[in-house]
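Contents: one structure, followed by commentary.
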Number of protein chains: 2
Amino acid sequence: MDMELRHLRYFLAVAEAGHLTRAAARLNIQQPPLSQQIKALENHLGVALFRRHAKGMALTESGELFLEEARRILDSTAVMEQRMARVAQGVRGRLAIAFTTSAAAHLLTPRVLRLFRGRYPEIELSLSENSAAEITERIAARDLHCGFLRVPVGRPPGLVFRTLLKEPVLVAAPLDHRLAQKPRTGKNAAVALKDFQDENLILVRRAGAPGLYANLLALCAERGICPNVVAEVERMMTNLNLVAAGAGISVVPASMQQVHAKTVAYRPLGKSIHLNAPLNLVYRAADETAATGFFVDLVTSTTAGDDGARS
Amino acid sequence: MDMELRHLRYFLAVAEAGHLTRAAARLNIQQPPLSQQIKALENHLGVALFRRHAKGMALTESGELFLEEARRILDSTAVMEQRMARVAQGVRGRLAIAFTTSAAAHLLTPRVLRLFRGRYPEIELSLSENSAAEITERIAARDLHCGFLRVPVGRPPGLVFRTLLKEPVLVAAPLDHRLAQKPRTGKNAAVALKDFQDENLILVRRAGAPGLYANLLALCAERGICPNVVAEVERMMTNLNLVAAGAGISVVPASMQQVHAKTVAYRPLGKSIHLNAPLNLVYRAADETAATGFFVDLVTSTTAGDDGARS
DNA sequence: ATATGCCATATCTTATGGATATGGAGCTCC
DNA sequence: GGAGCTCCATATCCATAAGATATGGCATAT
């Protein structure tokens, strides 16, 4: 015979009632089968758990020892079932989320994470930073649940790319640069694409994350403009550090204009330059994880009505 | 449906095999019933534990969470069963032992306790000191397993009193006392009962433990000797303290002659005085506890061939 | 397209948990 | 001290559900 939880439940009932008949009533079964189950348990353990006397059943000393252990195990299974119930509801679990460096720079990202943590404290967030390509791949491979990234670098089937916002792209230039002299507002405020001709340009072109800068270079090529690429860096932050140091100019999503505000000037691009930095939420369309649904819903409702121009 | 350990065992097998058919083989059942049991478990929990695909079954994220918990519970039941197996063998458990003050004074008591602890480290010894009457009663009431005492003060049915040894009783007198002047050996070494006439006598007559001193007084009365009882104390130790202080004389089991050796003289009683201090081990004849048996055996074998003359 | 491996479903069998009926042992209460 | 009561054990029967067998469907690999 294998021991089952039933035996423990029955044992506990008898131990607590001190009485076979009464325990049977409490368990909604009859007395004889209960008697048998208890005996089977004693047999299995090789120990007498009860002493039978005329007015009930009393635990033996071995029974007392067993009682502690049985209680522990039953408690532990009860806790487990409750936990799994919360898992079923989706309010407990793990959620793996990744973002690209530049997606993390947008205030939206930390904001929704904080909101989510508050609303679903039992969902453990596993956060990581990665390239757009790797994020996309790992979501498809079920290795991640959600990702935040800018320009998609591939669209594997089954993945949803939900554009949360599109923010303008700004030109970043050292304060003493020619382009930095442009007025903040007014007719000539915007930077034209031809202004890039022969300029020292810094690119963020981390492997697998061409995104925004590929688009920029494509636009330039289209119009016959040939900027002078002086550096290709991995991170948006390095990019702005180089700009601040006077190494060249670059373009960045508007949400980064707080960075190096004292040493870098940010200027809008001309209307005709269709270059913008979207923020996309990526997830598997068929993701059955409730937590993923909650997260997507939260992000969606947080950004609802937000056209992305702000922040 | 109620969850049973079977479900956990089956789940674990499938999770570890990653394969329903292979897990079924390992469990010595067929694949379809296993399939059903797993499904029943998933149903019960309200969560999909596996993703089925063409080459096996892979844990879902909920399944991973459940795996940890299921392992924990199965481990814990395995540990429990092992522990109960040791309980069944008797090598694990609790043993409640009590002794009277004067029984504890005999070296045998600590010696067997030390031996027992060494041989059965998983049996927790619960030691206490008490009067002979209370020890007897509590053993009968299954409140204690064994007791060490001197002269039984009652013999409830079902209790075994095993006399481990009988040791002589010595007269204890202050060094400057008349009786202390008797030679240690030789013709006149022994103290006669008539020497007690009009002597200041100290008794240990703790409530419920008349034992030795009741016998002494009975002997005196029988022979028409009337000692002068100057004190009745509760403990053998107090007794000897008073003797050392010169308050009177007393009699004690021979095993106590190390106490106050510098200030108290110990002298043998005459052969004709049939007064001796036995050391008895008490236990219930019907005690089914293996540990009790082990203890009785150990004590018996330790005292085998020991006629009690030695201490 | 075919074949193969794997899981799900359907049906049947069987083992066992549970119900019913009865017996025996120990108290209690006259 | 005996009658009756309470409570647990035993014996037999029934019902449920675990398990076996047979088959079908789906996906991947060849």
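Note on naming: letters A, B, ... go to the chains in the order of the sequence lines (proteins, then strands), and numbering restarts at 1 for each one.
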Residue met sooner reading DNA chain C from 5', once Arg22(B) and Gln36(B) are mapped to nucleotides: Arg22(B)
Pair Arg72(B)-Ser76(A), side-chain donor/acceptor within less than 3.5 Å: yes
Nearest-angstrom distance from the residue atom CG of Leu34(B) to P of dC6(C): 14 Å
Distance, nearest 0.5 Å, that separates CG of Leu5(A) from CG of Leu74(A): 6.5 Å
Leading and trailing nucleotides of DNA chain D with any atom under 4.0 Å from heavy atoms of chain B: dA18(D) to dA29(D)
Glu137(B)/Arg142(B) ion pair, N-O < 4.0 Å: no
Atom pair distance, as rounded to whole Å: CG in Leu20(A) and P in dG24(C): 19 Å
Thr21(B) side-chain N/O to dC6(C) phosphate OP1/OP2 under 4.0 Å: no
Ring geometry between Phe294(A) and Tyr120(A) (parallel below 30°, tilted from 30 to 60°, perpendicular above 60°): parallel
Sub-4.0 Å heavy-atom contacts from residues 52-67 of chain A onto DNA chain C, ordered by number: Ala54(A), Lys55(A)
Protein-nucleotide distance (Asp2(A), atom CG; dG17(C), atom C1'), rounded to Å: 15 Å
Mutual orientation of the aromatic rings belonging to Phe116(A) and Phe295(A) [parallel < 30°, tilted 30-60°, perpendicular > 60°]: perpendicular
Atom pair CD (Glu4(B)) and CD (Gln37(B)), whose distance is rounded to the nearest 0.5 Å: 10.0 Å
For atom CG of Leu27(A) and atom C1' of dG18(C), their distance in whole Å: 12 Å
Residue of the set Gln89(B), Arg83(B), Arg86(B) for which side-chain hydrogen bond (donor to acceptor under 3.5 Å, both in side chains) holds with Glu122(B): Arg86(B)
Distance under 6.0 Å and angle within 45° of ring axis: Arg155(B) vs Phe161(B): yes
Sugar-phosphate, base or nothing in reach of Gln37(B), heavy atoms under 4.0 Å: sugar-phosphate
Distance (rounded to the nearest 0.5 Å) between Ile29(B) CD1 and Arg26(B) CZ: 11.0 Å
Exam field: side chain Thr60(B) to backbone Leu49(B), donor-acceptor pair closer than 3.5 Å: yes
Rounded interatomic separation in angstrom, taking CG from Asn43(A) and P from dG17(C): 13 Å
Earlier contact from the 5' end, DNA chain C, for Gly18(B) and Gln31(A): Gly18(B)
Between C1' of dG18(C) and CZ of Arg6(A), the distance in whole Å: 10 Å
Under 3.5 Å: donor-acceptor pair, side chain of Asp287(A), backbone of Thr289(A): yes
Residues from residues 44-51 of chain B lying under 4.0 Å of DNA chain C - heavy atoms: none
Euclidean distance, atom CD of residue Gln30(A) to atom P of dG18(C) [Å, nearest integer]: 11 Å
